[in-house]
Amino acid sequence: MTEEPAVRVRGLHKRYGDKHAVDGLDLEVARGEIVAVLGPNGAGKTTTVEILEGYRTRDAGEVSVLGQDPGTAGRGWRARIGVVLQSSSDLDEATVTELVHHWAGFYPDPRDPEQVIDAVGLREKASARAGALSGGQRRRLDVALGIVGRPELLFLDEPTTGFDPEARRAFWDLIAGLRHDGTSILLTTHYLDEAEQLADRAVVVSNGRVVAAGAPADLGGRNARQAMVRWVEDGERREIRTDTPTAVVAELGTRFTEIPGLQVLRPTLEDVYLALIDDDAAETRAKEAVR
Ligand code: ATP
């Protein structure tokens with residue numbers, strides 16, 4: 001068995017005219033790993049994902065997806081990857097059932113289309129035309145078409161945009177099932193809770209480069225950052241920033257039987273993400289000022 005990663009990208013570059021959309025990006029997805037790519041609008045996420053899918057050309061860099069170069073890989077390779085694009089296709093006249101069955105026919109070892117329809121929560125809409133689905137239901141249909149081929153590697157570009165909270169939870173369960181089957185997944189998302197819930201690793205992209213990568217719990221040194229301990233004493237709110245919150249709480253415990261208003265807070269993934277993006281924007285402005 002080869003243990004080469006599902007995705008390996010080194011020094012990827014892509015320009016559109018003067019715009020350096022991807023500017024020396026490195027990325028890796030191990031077999032069976034779920035990686036979330038985060039970044040502001042225009043950071044280069046979709047461009048990168050579409051290069052990996054073989055839908056866009058690159059200007060420079062090494063790219064290997066399931067051991068092949070997506071720029072030259074053939075049909076056999078395409079059958080091993082699953083793609084959920086950001087914009088859904090124009091297949092409005094066909095029904096959900098027709099589309100999922102038809103799509104399954106493109107692959108050598110597809111999942112059972114009826115089980116896929118259930119898994120994405122479209123059973124009640126199985127006979128509806130794609131054109132009559134709501135935005136969130138349409139997105140679920142896109143996900144169904146992406147997974148019906150039983151891909152080894154799945155690309156999900158903002159998969160839950162437009163989902164209601166219940167549908168997002170159901171989608172997370174679906175991804176947990178795919179993880180269990182050993183599917184490698186690269187997803188882009190603007191939802192930090194989604195990255196935290198699903199991803200083994202998160203990669204933050206800004207201005208076409210990776211500015212931080214790591215387990216969501218550790219990103220940007222989050223675990224190592226100081227905690228804030230808050231409580232209420234003599235009717236006033238008190239707070240202490242500390243590296244040793246357990247010791248602070250233990251000391252408070254000697255003074256109170258129940259510590260009023262006790263909270264121990266660490267920066268959220270969103271706090272860390274916003275700080276990383278801000279720092280990168282400041283650095284970019286500084287470099288431009290020097291030019
Ligand atoms: P979003 O979160 O909004 O989906 P993104 O991170 O996916 O953003 P991309 O769509 O990859 O970003 O775009 C990166 C940059 O390249 C943007 O500045 C965008 O305007 C530009 N760009 C993308 N596609 C093209 C194109 N076909 N022609 C010209 N410029 C493009």
Side-chain angles (χ1 to χ4, degrees), residues 1-9 27-38 49 52-54 64-68 70 73-86 88 96-97 99-123 125-126 136-137 139-161 163 166-189 191 193-203 215-217:
M1 267 305 282
T2 152
E3 265 314 298
E4 72 185 17
V7 173
R8 188 168 187 279
V9 176
L27 183 66
E28 205 156 295
V29 181
R31 294 278 174 163
E33 191 181 30
I34 301 185
V35 173
V37 178
L38 310 171
V49 170
L52 302 184
E53 293 165 344
S64 167
V65 175
L66 297 179
Q68 297 194 43
R75 287 175 60 117
W77 172 82
R78 184 151 294 284
R80 295 166 61 207
I81 67 169
V83 168
V84 178
L85 299 170
Q86 223 183 84
S88 32
V96 167
T97 298
L99 280 168
V100 180
H101 279 263
H102 183 66
W103 233 253
F106 295 140
Y107 298 93
D109 179 26
R111 290 194 163 87
D112 175 353
E114 294 300 315
Q115 280 182 9
V116 169
I117 290 169
D118 286 334
V120 299
L122 282 179
R123 175 54 54 205
K125 292 287 171 185
Q137 291 163 346
R139 207 73 197 106
R140 296 195 214 183
L141 174 59
D142 293 334
V143 172
L145 301 182
I147 66 172
V148 73
R150 202 187 296 279
E152 284 170 56
L153 169 64
L154 180 62
F155 292 106
L156 297 163
D157 201 1
E158 297 183 22
T160 59
T161 299
F163 279 27
E166 202 185 336
R168 285 181 73 218
R169 292 290 161 144
F171 172 81
W172 293 355
D173 289 345
L174 174 69
I175 297 297
L178 296 177
R179 175 207 294 274
H180 185 75
D181 292 348
T183 313
S184 312
I185 299 177
L186 181 66
L187 84 139
T188 69
T189 183
Y191 300 116
D193 58 341
E194 186 159 284
E196 199 151 25
Q197 179 73 27
L198 295 180
D200 300 306
R201 268 185 328 113
V203 173

Rounded distance (nearest 0.5 Å) linking atom [atom1] of [X] with atom [atom2] of [Y]:
X	Y	atom1	atom2	result
Glu114	His101	CD	NE2	3.5 Å
Leu52	Leu153	CG	CG	8.5 Å
Ile185	Ile34	CD1	CD1	4.0 Å
Arg123	Ile117	CZ	CD1	5.5 Å

Taking only residues two or more places apart in sequence or in another chain, which ones pass side chain to side chain donor-acceptor pair (under 3.5 Å) with [X]?
X	value
Glu194	Thr160, Trp172, Thr189
Glu28	Arg10
Asp200	Arg179

Ignoring hydrogens and angles, tell me if any N or O in the side chain of Arg139 forms a donor-acceptor pair with the backbone of Phe163 under 3.5 Å.
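No.
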For Tyr107, what residues pass the ring-ring contact (aromatic ring centres under 6.0 Å, His included) criterion, not counting sequence neighbours?
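By the ring-ring contact (aromatic ring centres under 6.0 Å, His included) rule, Tyr107 matches no residue at all.
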Under the side-chain contact (heavy atoms from CB on, under 4.5 Å) test, which residues partner [X], sequence neighbours left out?
X	value
Arg111	Val116, Ile147, Arg150, Pro151, Leu178, Asp181, Thr183
Ala119	Leu174
Glu152	Arg31, Leu66, Arg80
Gln137	Leu122, Lys125, Leu133, Ser134

[Y] side chain reached by [X] side chain, heavy atoms, under 4.5 Å:
X	Y	value
Leu141	Val120	no
Pro70	Trp77	yes
Leu187	Pro159	yes
Phe106	Leu145	no

What pairs with Asp112 under salt bridge (charged side-chain N to carboxylate O under 4.0 Å, His left out), at least two apart in sequence or on another chain?
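Result, salt bridge (charged side-chain N to carboxylate O under 4.0 Å, His left out) vs Asp112: none returned.
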